[in-house]
Each structure stands twice: as C-alpha cells, then as structure tokens.
Amino acid sequence: MKGALRWLILVTVVVSSLASASSAARADHLDAEVSAPQTVAAGEVVQMRVVVRLADSGARVPGAVVVASRDASMLGIDGTVEIARSITDRNGIAILRWREHSGRSDTVIVAYAAAGEVEFESVPESVVTEGLGSQIVRSNNGVRIPGLGAWVLIALLVGVWAIIQFAMIGPIQVSREAEASRTIDHAGQEQVP
Amino acid sequence: MAVGAASGRVPDVESLREYERRLEETTLRPVLVTSSWYWVLVGVLLAVIGVGVYAWTTQLDNGLVVTGMRDRVAWGLYISVFVFFVGISHAGTLISAILRVTKAQWRTPITRIAEFITVVALVCGASLIVVDMGRPDRLLNVIIHGRWQSPILWDVLAITTYLTASVIYLGIPMVPDVAYFRDRMASMGHRTRAAFYRFFAIGWEGLPGQVKALSRAVGVLAIIIIPIAVSVHTVVSWIFGMTLRVGWNSTIFGLLFVAGAIFSGIATLVIVMALLRRIYHLEEYITKVQFVNLGYLLAAFTLIMMYINLSEYLTTGFKLEEGEEFLFRQLFLGQFAGLYWFYFIGGLAIPGLIILFKRTRTIAGIVTAAVLVDVAMFAERYFIVISAQRVPLLPYEPFDYMPTWVEWSIFAAAIAFFILLIAVFVKIFPIMAVWEMVEERKLLGRDGESAAPAPDAVRGRS
C-alpha cells in the first residue's frame with residue numbers, strides 16, 4: 001500500500017513537473033528580427049530575412065513558422081492575404097520571398113510562432129514599392145520566342161485582307177467586260193449605215 | 001417537266017431551258033408576290049423588336065443594373081446569344097465554301113440560304129456586343145486604345161474580317177441571278193426595281209470573260225473564308241479560354257467552339273431551309289437529298305461534340321481540383337444540371353438517334369433533330385458562359401445570375417431581328433443560286449450522268 005502510494009506521488013510530481021515545464025516553454029515570448037529592403041520596384045521579387053529568437057534568452061528558434069501577410073480588399077470584402085510563408089532553419093532564420101505586384105507602398109505583417117504553437121505573434125514591416133503606381137505589372141518571367149510577336153498577327157491580317165481585295169478584282173473585271181462589250185456594240189452600230 | 005431528267009438520261013436542250021425557266025420563275029416569285037401573312041409576320045417581328053429597343057433604352061438610361069449581371073457574373077444572356085449567333089454563322093461557310101471546294105453538288109440549291117444565314121447571324125451577333133456594353137458610346141475605344149495582345153481586339157478583327165468576306169462571298173455569286181432580276185424587272189416595267197438590280201448586277205451579261213472573272217473570285221473567296229470562319233470562333237473561345245477561370249481554362253475550347261458552331265450552323269440551315277421550302281414551294285430543288293446529307297453531317301457532329309465533351313470533362317474531372325469540383329457539382333447535379341443533361345441527351349444523343357434510324361430519317365425527323373440541336377446548343381452556350389462565373393474566386397457566396405425582363409426582351413428582339421432580316425433578304429434577292437444550278441445541270445448533262453430528279457419523283461419521296 002505504502003509502495004503504491006509512493007509511486008503515485010512520484011508519478012504525480014513527474015507529470016506536474018513536465019506540465020509546468022511545457023507551459024513555461026509555451027509562455028516564452030518570441031522576438032523576430034526582420035530585415036528587408038525598404039524600397040522595391042513593382043514587379044521585383046522581395047526577399048525578407050527573419051531571425052526568430054526566444055524573448056527571454058535570445059536563443060534562436062528553429063522550426064518556427066513565419067508568415068508574411070498584408071491587408072487587402074476585394075469585391076467589397078476586407079481581409080488579410082498571405083503573401084509568403086517559411087520555416088526557420090536550425091539557425092532560427094527564415095527567408096520569405098514574394099513578387100511585389102502592387103505598386104503601392106504598404107505594410108507587411110510578419111507573424112511567427114514556435115513549432116506546434118497556434119498563436120502567432122506579429123511585427124509590422126513597411127515595404128515601399130516604387131514604379132508603376134497602382135497598376136498590376138507584367139511578370140518578367142514571360143517566355144519570349146524569337147520572331148513571334150504582334151507583328152505576326154498584323155502580317156496575317158494584312159495577308160487575309162489582301163486576298164479579299166484580290167477577290168474583289170473579279171467584280172471589277174466583270175464590270176469592265178460589260179463596258180468593253182457595250183463599246184464594241186456601240187461601234188458596230190455606228191458602222192451599220 | 002424535265003423529261004430527260006425524269007428518265008435519268010442526259011437532259012436535252014429543251015428540258016434544260018424548261019428547267020432554267022421554271023427555276024427563274026420560282027426564284028422570282030417571292031419578290032413579285034407578297035401574301036398578307038408576310039406582312040403579319042413582319043408586323044409581329046417589328047413589335048418584338050420594338051419591345052427590345054424599349055428595353056435597351058431602359059438599360060441605357062439606368063445602366064446595366066437593370067440586367068441580372070453583377071460584378072461576380074459580368075457576362076450573361078447577351079454574351080451567350082452573341083456566341084450562339086456567331087456559331088450559326090458558320091452555316092454559310094460550311095455549306096457554301098467547304099462543300100463548294102469539295103465539289104459536293106447537292107449543296108447548290110441551299111448555298112444562298114446558307115450565305116444569308118451567315119451574314120444575318122453575324123450582324124445580329126455583333127449587335128449584341130454593343131448591347132452588352134454599358135457605354136456603347138465607347139465602342140470605338142476598342143480600336144483606339146486596343147492592344148494587339150488582347151483577345152478582345154483579335155475578336156473584333158476576326159469578326160470584322162469574317163463579316164466583310166461573307167458579304168462579298170454572298171454578293172459575288174449572286175451577280176448573275178441579280179442580272180436576271182434586272183432584266184425581268186425592266187421587261188415588266190418596274191423601273192425603280194430594275195435600277196436597283198442594275199446597280200448590283202455590275203453589268204453582267206454572261207460574257208465568257210465575266211464568267212471567268214466571277215468564277216475565279218468565288219474560288220478564291222471560298223478558300224480564304226474557311227480559315228477566316230475557323231479563326232472567328234476560335235478567337236471567340238479564346239476570350240474565355242485565355243483566362244484562369246475554372247471551366248474556361250481549357251486548351252480544347254477552340255475546337256469545342258468551332259465544332260459547336262458548325263453543328264448549330266447546320267441545324268439552323270436545316271430549319272431555315274425547311275421553312276423557306278414550305279413557304280415558297282421549293283420542293284423541286286430542295287429535296288430530301290439535302291436534308292439527309294445535312295442530317296448525316298449533324299449526326300457526325302453529335303459524335304464529335306460528345307467526344308470533345310468527354311475529353312474535356314474527363315481530364316479535368318479525373319484530377320478534380322477544388323474549383324473544378326464546384327463546377328462539376330453545379331453542372332452535373334446542381335443549378336445547371338437540367339440544361340446540361342438536356343444538351344447532352346436532347347441535343348446530342350436524341351438527334352443522333354433520329355438520324356441513325358432509317359424510319360425517322362425523314363425531312364420531318366431531321367428538322368426535329370435540328371430544332372433540338374439548336375435549342376441544346378443555345379443551352380450549352382448559356383451554361384458555358386454562366387456556370388464558370390458562378391465558381392467563387394474568393395471565399396464569397398456564389399452569385400445566382402438570372403436574366404431580367406430587359407435581357408429577355410433584347411434576346412427576343414435579337415431572334416426577331418434575325419428572322420426579319422432573312423424575311424427581307426428573300427423578298428429582295430434571289431433565294432437560290434439559279435446560275436450555278438443551271439451551270440451544274442449543264443455539266444451533269446455533258447458528263448452523261450443523271451440530272452436532278454424530276455419534280456414529281458422528288459415530291460413523292462419527301
């Protein structure tokens with residue numbers, strides 16, 4: 001009986017110690033050190049470096065989830081749009097990459113959480129985009145095939161219309177034949193006394 | 001009575017002259033004789049068009065908010081009808097150009113009707129684009145600010161080219177027949193009408209040089225108009241296919257649209273042909289042969305359409321991405337299921353079966369099949385345009401589009417306008433290609449083959 005009671009106390013102590021250790025870990029706040037270009041051109045790929053550390057000890061946190069997002073509005077609905085996501089490496093560094101389509105200056109929210117955590121902490125980061133106003137830009141990665149372009153379409157169109165015009169020579173010839181025939185008839189009538 | 005033809009021997013000169021005279025009289029009759037029913041029909045059509053014009057003015061006054069279209073479904077009934085009309089405009093190309101190039105002689109009596117349909121359908125289709133624009137005064141912006149990279153500009157260019165080529169292709173082979181009208185009107189003392197036809201006859205006298213020039217022009221146009229027609233409906237499909245929208249993001253959309261266009265074009269030709277044959281007593285010239293041959297083409301296209309549908313939906317359905325799943329549910333089981341299954345069963349399977357069995361392969365049967373095909377193809381255009389837009393691109397509620405009375409009125413007006421233009425055409429221009437039919441009959445005689453069957457025999461068979 002005593003032995004069983006001793007075992008029960010031991011298990012209870014171990015479990016509660018583990019639980020308190022775990023909750024202590026969860027309670028630790030994280031800090032993020034974000035480095036990003038302050039100014040990018042519309043259409044460029046933005047690369048953001050995020051170092052995630054424990055707030056208390058400053059130790060780097062591997063495996064933390066880092067998400068970049070920004071506020072957006074579409075069709076009258078406001079929301080947050082995720083633009084990039086990454087996980088910190090063993091040095092606690094995550095690299096976020098996205099192509100900056102928007103021409104506006106904007107604040108990107110960088111949110112981060114340790115592995116297994118569901119609650120994210122966040123830090124705002126300002127990204128200034130220059131270039132094309134609010135227009136969405138064309139991707140630079142388009143495939144350009146030498147010799148192909150709008151001129152092919154223009155040449156095709158010109159060719160088709162030239163053939164249609166060529167066909168129109170037919171009615172003109174019909175009309176000329178009639179005129180020639182009338183001229184001959186007229187001349188023949190004049191010759192007849 | 002074509003004695004030579006009836007006996008299956010070479011038609012002699014007398015029978016040829018008799019045939020030509022009878023044919024010319026038949027063609028001239030709609031121009032000279034107008035029944036009171038015709039005016040009743042014109043009155044009804046004008047009334048329907050009037051309601052449509054009123055609806056359009058309402059739309060111009062209040063904006064597109066009077067339609068069922070909103071930001072989530074921005075293309076509705078107008079665009080569906082536009083695609084349908086551009087589709088049936090392929091009737092002329094197929095019958096007149098492809099069959100002319102392949103020297104299929106049975107098509108000659110129906111050539112002109114097919115070419116009428118092409119021009120009229122294109123005019124109606126293009127009109128609907130103007131109606132679909134909230135600000136039609138900005139129409140020319142498509143050209144002024146157009147970009148060569150835009151499928152919208154390609155579409156404008158393709159349709160303009162096709163309409164121009166179709167009008168010329170309708171007009172040039174008509175010259176000899178118009179010249180006959182000119183002579184007849186002059187002999188009957190109709191000076192104004194004679195002057196009108198003189199303008200379009202461009203001095204045609206049937207001289208060898210004129211025949212040569214005309215034949216060459218028709219030959220060139222018959223060849224060039226085929227790729228133009230194919231390009232038109234391909235480009236129409238690209239307006240949809242060059243987006244990343246589920247349901248439109250397809251590589252075989254061009255093929256689907258072109259095949260569907262020819263399919264509905266044949267069906268419309270069969271319907272118009274049957275109506276004109278009945279009204280103007282063209283039984284001697286438009287026989288069961290034309291109906292059955294067009295019926296065979298319809299049957300072939302039912303299989304082609306089924307194949308394209310299978311290929312399209314099986315490849316996307318096998319992978320079934322999230323958006324595709326939504327599309328499939330509404331198309332096969334949900335909001336559009338009635339339309340889709342009517343299209344597939346009523347518009348593809350049943351017409352194919354009607355034409356397959358000899359018992360139902362009659363003129364009435366083929367016309368029934370053609371009506372089913374046309375209604376089904378309209379339904380197909382509708383669900384292609386609308387169902388894809390109903391798939392949400394963001395987490396919002398799908399928008400249920402329903403055309404309003406304004407859209408239905410303009411739709412009815414477009415159909416009425418189509419019928420009215422056909423009705424006006426047949427009252428002004430020769431309904432059949434008389435010159436070509438006589439020339440072909442002469443050729444048949446020279447080759448020693450049997451000419452077209454005699455009227456009595458034809459009536460008996462049909």
Side-chain angles (χ1 to χ4, degrees), chain A residues 69-83 99 101 135-145 147-186 188-189, chain B residues 70-72 146-151 153-154 156-158 160-169 171-176 179 198-225 227-228 231 235 392-397 399:
Chain A
S69 59
R70 62 162 42 121
D71 291 338
S73 178
M74 196 169 186
L75 304 171
I77 298 173
D78 297 326
T80 305
V81 176
E82 182 180 316
I83 53 177
R99 187 176 295 281
H101 289 293
Q135 187 178 346
I136 292 175
V137 297
R138 180 165 52 90
S139 166
N140 290 325
N141 294 338
V143 179
R144 292 176 186 275
I145 300 169
L148 279 186
W151 75 269
V152 177
L153 178 63
I154 297 167
L156 190 69
L157 199 68
V158 169
V160 168
W161 276 90
I163 294 171
I164 293 172
Q165 297 300 318
F166 174 72
M168 284 304 290
I169 294 172
I172 295 168
Q173 281 180 334
V174 167
S175 187
R176 281 186 180 167
E177 286 278 339
E179 277 177 27
S181 170
R182 275 196 293 272
T183 310
I184 292 166
D185 287 350
H186 188 66
Q189 280 173 359
Chain B
R70 293 295 182 269
D71 51 358
R72 293 175 199 173
R147 296 175 67 240
W148 288 104
Q149 294 89 341
S150 164
L153 186 68
W154 304 345
V156 171
L157 293 173
T160 312
T161 308
Y162 188 38
L163 182 60
T164 310
S166 297
V167 169
I168 298 170
Y169 189 55
I172 291 181
M174 202 157 52
V175 167
R198 193 174 297 119
F199 175 76
F200 286 103
I202 54 173
W204 178 265
E205 298 293 342
L207 301 167
Q210 290 181 322
V211 173
K212 194 178 168 188
L214 198 83
S215 302
R216 192 172 51 213
V218 172
V220 169
L221 280 170
I223 292 169
I224 191 66
I225 209 162
I228 295 175
S231 77
V235 172
L393 298 178
L394 286 171
Y396 54 69
E397 282 298 307
F399 176 70

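Each chain gets a letter, A, B and so on, in the order its sequence line appears, and its residues count up from 1.
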Under 4.5 Å from any heavy atom of chain A - which part of B:Ile225: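 For B:Ile225, there is no contact with chain A at all, as no heavy atom is under 4.5 Å.
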Side chain, backbone, both or neither of B:Ser231 within contact of chain A (heavy atoms, under 4.5 Å):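 Neither part, no heavy atoms under 4.5 Å.
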Pairs of heavy atoms under 4.5 Å with chain A: top-ranked of B:Ile224, B:Val211, B:Ile228: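 Going by pairs under 4.5 Å, I would pick B:Ile224.
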Which residues share a side-chain hydrogen bond (donor to acceptor under 3.5 Å, both in side chains) with B:Glu205, sequence neighbours left out: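 For B:Glu205, no residue satisfies side-chain hydrogen bond (donor to acceptor under 3.5 Å, both in side chains) once neighbours in sequence are set aside.
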Which atom pairs, donor and acceptor, lie under 3.5 Å between side-chain atoms of residues 154-181 of chain A and protein residues at least two apart or in another chain?
unit_1	atom_1	unit_2	atom_2	d
A:Trp161	NE1	B:Thr161	OG1	3.1
A:Gln173	OE1	B:Arg216	NH2	2.7

